[in-house]
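First comes the structure, then the notes that go with it.
Not measured: the values here are computed from a predicted model.
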Amino acid sequence: MTEQNKTPAEIEIVAFTGHRPNGFKDWPSTQKKLSDLNGELAGLLRVLKPAKAFSGMALGFDMLAAKLCVQLGIPFIAAVPFRGQELLWPEADQVEYHKLLFQAEQVRILQESHYGSVYDERNEHMVDNSTRVIAAYAKHPGGTKNCIDYARLAKRPIHFLDL
């Protein structure tokens, strides 16, 4: 069945949620684990064949997922929680972030400035506009857990990647 023949409910739109680099601190080799995670995510995306994806554009898993979307030709929406989220990051990460924003099908800047619940609002926006959530979750409290909890409330299927 082609995309044109599918109903809106049948079109797969994924939202990514996962830890930032400091969320990988328990792993012996963060780079090796990110490489493994990249391979597992690539395999899953090839099976799901999503029409579109949402990335929250945070360091770590979000940017890894956005890069993979570019490599696999999956259009992605950059759900940026607030203007300038990258300004305190290392320069190399800022450069990569801006390259990915340029490659996004759409950039949605959800708030003009940073305030308390902006990350949760970004996550809720992604979940509300997706059909499935893909999570790289190490069972730490924080934004990834909050996103998973919200996805459960919204009755979105969640695929957990092996950490």
Side-chain angles (χ1 to χ4, degrees), residues 9 12-45 47-48 50-70 72 74 76-90 93-94 96-97 100-101 104 106-163:
E12 189 77 60
I13 301 171
V14 298
F16 301 111
T17 188
H19 296 293
R20 293 187 177 111
N22 61 356
F24 298 114
K25 67 181 183 279
D26 297 334
W27 299 343
S29 169
T30 299
Q31 285 307 111
K32 181 178 183 307
K33 187 60 184 182
L34 287 176
S35 172
D36 294 345
L37 195 57
N38 189 68
E40 185 179 352
L41 179 57
L44 177 61
L45 291 173
V47 169
L48 292 175
K52 197 169 294 209
F54 277 88
S55 172
M57 298 304 292
L59 289 173
F61 182 70
D62 289 8
M63 286 184 48
L64 177 141
K67 284 187 240 182
L68 195 51
C69 284
V70 170
L72 297 175
I74 299 168
F76 78 96
I77 296 169
V80 177
F82 62 94
R83 191 173 303 283
Q85 84 162 342
E86 79 287 5
L87 293 177
L88 296 178
W89 299 355
D93 292 325
Q94 289 185 44
E96 185 67 29
Y97 174 82
L100 287 168
L101 288 182
Q106 183 180 18
V107 177
R108 294 182 185 172
I109 298 174
L110 301 174
Q111 297 294 334
E112 284 302 312
S113 61
H114 179 261
Y115 66 89
S117 64
V118 71
Y119 296 109
D120 288 333
E121 290 176 18
R122 182 262 328 265
N123 292 341
E124 291 170 10
H125 176 82
M126 293 191 312
V127 169
D128 289 344
N129 290 283
S130 67
T131 58
R132 173 184 309 271
V133 173
I134 298 175
Y137 178 51
K139 298 182 175 74
H140 297 202
T144 300
K145 182 185 182 316
N146 294 349
C147 186
I148 290 166
D149 290 346
Y150 185 79
R152 285 180 173 139
L153 284 173
K155 301 193 182 322
R156 296 297 186 274
I158 305 166
H159 185 95
F160 291 94
L161 296 175
D162 212 9
L163 293 184

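Between His140 and His19, the two ring planes are tilted [angle within 30° to 60°].
Separating the CG atom in Leu88 from the CD atom in Gln94 is a distance of 8.0 Å, to the nearest 0.5 Å. Here CZ of Phe16 is found 11.5 Å from NE2 of His159. Values are rounded to the nearest 0.5 Å. Residue Phe160 holds its CZ atom at 12.5 Å from CD of Glu40, rounded to the nearest 0.5 Å. Here the straight-line distance linking atom CD1 of Ile74 with atom CD1 of Ile13 works out to 12.5 Å at 0.5 Å rounding. Remark: Ile148 CD1 to Tyr137 OH distance equals 5.5 Å, nearest 0.5 Å. A distance of 13.5 Å separates CE of Met63 from CG of Leu68, quoted to the nearest 0.5 Å.
At least one side-chain heavy atom of Phe61 sits less than 4.5 Å from a side-chain heavy atom of Leu161. Between Met57 and Glu86 there is no side-chain heavy-atom pair separated by less than 4.5 Å. Residues Pro81 and Leu110 form no side-chain contact, since every pair of their non-hydrogen atoms from C-beta on lies 4.5 Å or further apart.
More than 12 heavy atoms of other residues, nucleotides or ligands sit less than 6.0 Å from atom CG of Leu87.
Judged as a salt bridge (Lys or Arg N to Asp or Glu O under 4.0 Å), and not counting sequence neighbours, Arg108 has no contacts. Residues satisfying the side-chain contact (heavy atoms from CB on, under 4.5 Å) test with Asn146, not counting sequence neighbours, are Asp120. Here Ala58 pairs with Arg20, Asp62 under the side-chain contact (heavy atoms from CB on, under 4.5 Å) rule; sequence neighbours left out. Take Tyr97 and apply the ring-ring contact (aromatic ring centres under 6.0 Å, His included) test, not counting sequence neighbours, and it matches Trp89. For Asp149, the side chain to side chain donor-acceptor pair (under 3.5 Å) test picks out Lys145, with sequence neighbours left out. Partners of Lys52 according to the salt bridge (Lys or Arg N to Asp or Glu O under 4.0 Å) rule, which considers only residues two or more places apart in sequence or in another chain, are Glu105. Applying the side-chain contact (heavy atoms from CB on, under 4.5 Å) rule to Cys147 yields the partners Thr17, Asn123, Val127; only residues at least two apart in sequence or on another chain are considered. For Glu124, there are no side chain to side chain donor-acceptor pair (under 3.5 Å) partners at least two apart in sequence or on another chain. Considering only residues two or more places apart in sequence or on other chains, His114 meets the ring-ring contact (aromatic ring centres under 6.0 Å, His included) condition with Phe82, Tyr119. Among residues two or more places apart in sequence or in another chain, the side-chain contact (heavy atoms from CB on, under 4.5 Å) test is passed with Val107 by Ala78, Val80, Leu101, Ala104, Ile109.
The stretch residues 126-137 participates, sequence neighbours left out, in these salt bridge (charged side-chain N to carboxylate O under 4.0 Å, His left out) pairs: Glu12-Arg132.
Closest of all the heavy-atom pairs between Ala79 and Arg122 is O-CG, 3.2 Å. For Thr144 against Ala136, the heavy-atom pair with the smallest separation is CG2-O, 4.0 Å. Closest approach of Arg156 to Ser130, counting heavy atoms only: NE-O, 2.7 Å.
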